[in-house]
Amino acid sequence: MKIRNQDFDFDVLNATDADRFQQAVNELQATAAAVPKASGLGDIIRANCAAIDNFLADLLGEDYDIRLNINTNNLRQLQAIYYEFLDVCTAAQNEIQAMRTVGTVAGMDVKAQAASAARQAAQTLPAPAPAPAPVPKAAPVDFSKMNRAQRRAYVKALAGRK
């Protein structure tokens, strides 16, 4: 993946990277749910910075901020990189859509075949385990007293990762 003329070892069409992407999205959503609502503006900005920084560091590497020369406490800079990242992912999604069109035009509906195979496979799987009990909401966190490593550890803990 190339962002601002910097090459990063990430390709959303690589299955391993796609798994990492999904994990990072799950963490981003868990963090967004835990953003303090009644805190001051600085705390809200720090919480959002921590969430986006963790997302980008997981996918682009810990040194992405140095390579792109951005401040991880500046929400505007982080959002700009985040949106550039999503633009590249959207382009990859368009590639997948184009492949689906080619499969249908060639006389075989790949999507229908895949759905049929998924239904057959689902019939052989055991019943899913019951859903875990809901986790109580944590107390608000003061991001202003955390360094970057502590913020990243907190974000990962929200999503259940160590």
Side-chain angles (χ1 to χ4, degrees), residues 1-100 111 114 118 122 125 128-162:
M1 172 178 284
K2 188 173 242 174
I3 297 177
R4 295 188 181 177
N5 293 322
Q6 290 287 322
D7 286 318
F8 292 95
D9 186 23
F10 181 84
D11 181 1
V12 76
L13 295 181
N14 177 321
T16 303
D17 289 347
D19 291 340
R20 286 178 35 222
F21 178 76
Q22 185 60 55
Q23 179 65 37
V25 167
N26 292 344
E27 288 179 9
L28 187 64
Q29 291 171 341
T31 306
V35 170
K37 304 294 185 228
S39 298
L41 181 59
D43 290 336
I44 293 170
I45 290 172
R46 280 185 202 89
N48 283 291
C49 285
I52 296 172
D53 177 43
N54 183 66
F55 177 84
L56 294 171
D58 280 351
L59 299 176
L60 301 178
E62 292 288 333
D63 65 342
Y64 83 93
D65 57 323
I66 296 166
R67 292 176 62 191
L68 296 172
N69 192 29
I70 62 167
N71 178 354
T72 58
N73 288 317
N74 186 316
L75 186 58
R76 180 172 285 128
Q77 291 178 1
L78 283 169
Q79 283 181 323
I81 299 299
Y82 174 75
Y83 290 128
E84 287 179 41
F85 179 88
L86 291 182
D87 288 344
V88 174
C89 290
T90 300
Q93 185 179 18
N94 291 340
E95 285 181 53
I96 292 171
Q97 292 296 331
M99 287 186 270
R100 288 181 183 163
K111 187 175 179 181
L125 295 175
V135 177
K137 290 221 176 213
V141 175
D142 187 359
F143 284 99
S144 65
K145 294 185 174 137
M146 294 182 186
N147 62 30
R148 182 179 182 203
Q150 291 168 326
R151 289 192 309 255
R152 292 218 47 221
Y154 174 76
V155 167
K156 291 195 180 310
L158 284 175
R161 275 181 55 199
K162 293 186 179 188

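Applying the salt bridge (Lys or Arg N to Asp or Glu O under 4.0 Å) test to D17 and every residue at least two apart in sequence or in another chain returns R20. By the side-chain contact (heavy atoms from CB on, under 4.5 Å) test, V25 pairs with F21, Q22, Q29, F55, sequence neighbours left out. The side-chain contact (heavy atoms from CB on, under 4.5 Å) test applied to A80 returns R4, not counting sequence neighbours. Applying the side-chain contact (heavy atoms from CB on, under 4.5 Å) rule to L86 yields the partners Y82, Y83; only residues at least two apart in sequence or on another chain are considered. Remark: R152 engages D58, E62 in a salt bridge (Lys or Arg N to Asp or Glu O under 4.0 Å) (not counting sequence neighbours).
Atom CZ of R67 sits about 5.0 Å away from atom CD of Q6, to the nearest 0.5 Å. Interatomic distance, L68 CG to L78 CG, rounded to the nearest 0.5 Å: 10.0 Å. N54 contributes atom CG, which lies 4.0 Å from atom NZ of K156 (distance to the nearest 0.5 angstrom). Expressed to the nearest 0.5 Å, how far CD of Q93 lies from CG of L13 amounts to 10.0 Å. Within the model, atoms CE of M1 and CZ of F10 stand 5.0 Å from one another, a figure rounded to the nearest 0.5 Å. To the nearest 0.5 angstrom, Q79 atom CD is 9.5 Å from N74 atom CG.
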May I have the list of side-chain donor-acceptor pairs in residues 45-53 shorter than 3.5 Å, sequence neighbours left out?
residue: R46; atom: NH1; partner: G42; partner atom: O; Å: 3.2
residue: R46; atom: NH1; partner: D43; partner atom: OD1; Å: 3.4
residue: N48; atom: ND2; partner: I44; partner atom: O; Å: 2.8
residue: D53; atom: OD1; partner: Y64; partner atom: OH; Å: 2.6
residue: D53; atom: OD1; partner: R148; partner atom: NE; Å: 3.3
residue: D53; atom: OD1; partner: R148; partner atom: NH2; Å: 2.8
residue: D53; atom: OD2; partner: R148; partner atom: NE; Å: 2.8

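Atom CG of N147 sits in a crowded spot, with more than 12 heavy atoms from other residues, nucleotides or ligands closer than 6.0 Å. For D9, the CG atom is loosely surrounded, since the number of other residues' heavy atoms within 6.0 Å does not exceed 12.
By the 4.5 Å heavy-atom criterion applied to side chains, V12 and V88 are not counted as neighbours.
Using a distance-only test at 3.5 Å, with no hydrogens or angles considered, no donor-acceptor pair links the side chain of D63 to the main chain of I66.
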Step by step, would you call Q23 with L59 a side chain to side chain contact (heavy atoms under 4.5 Å, CB included)?
CA-CA 10 Å; Q23 179 65 37; L59 299 176; over 6 Å; no

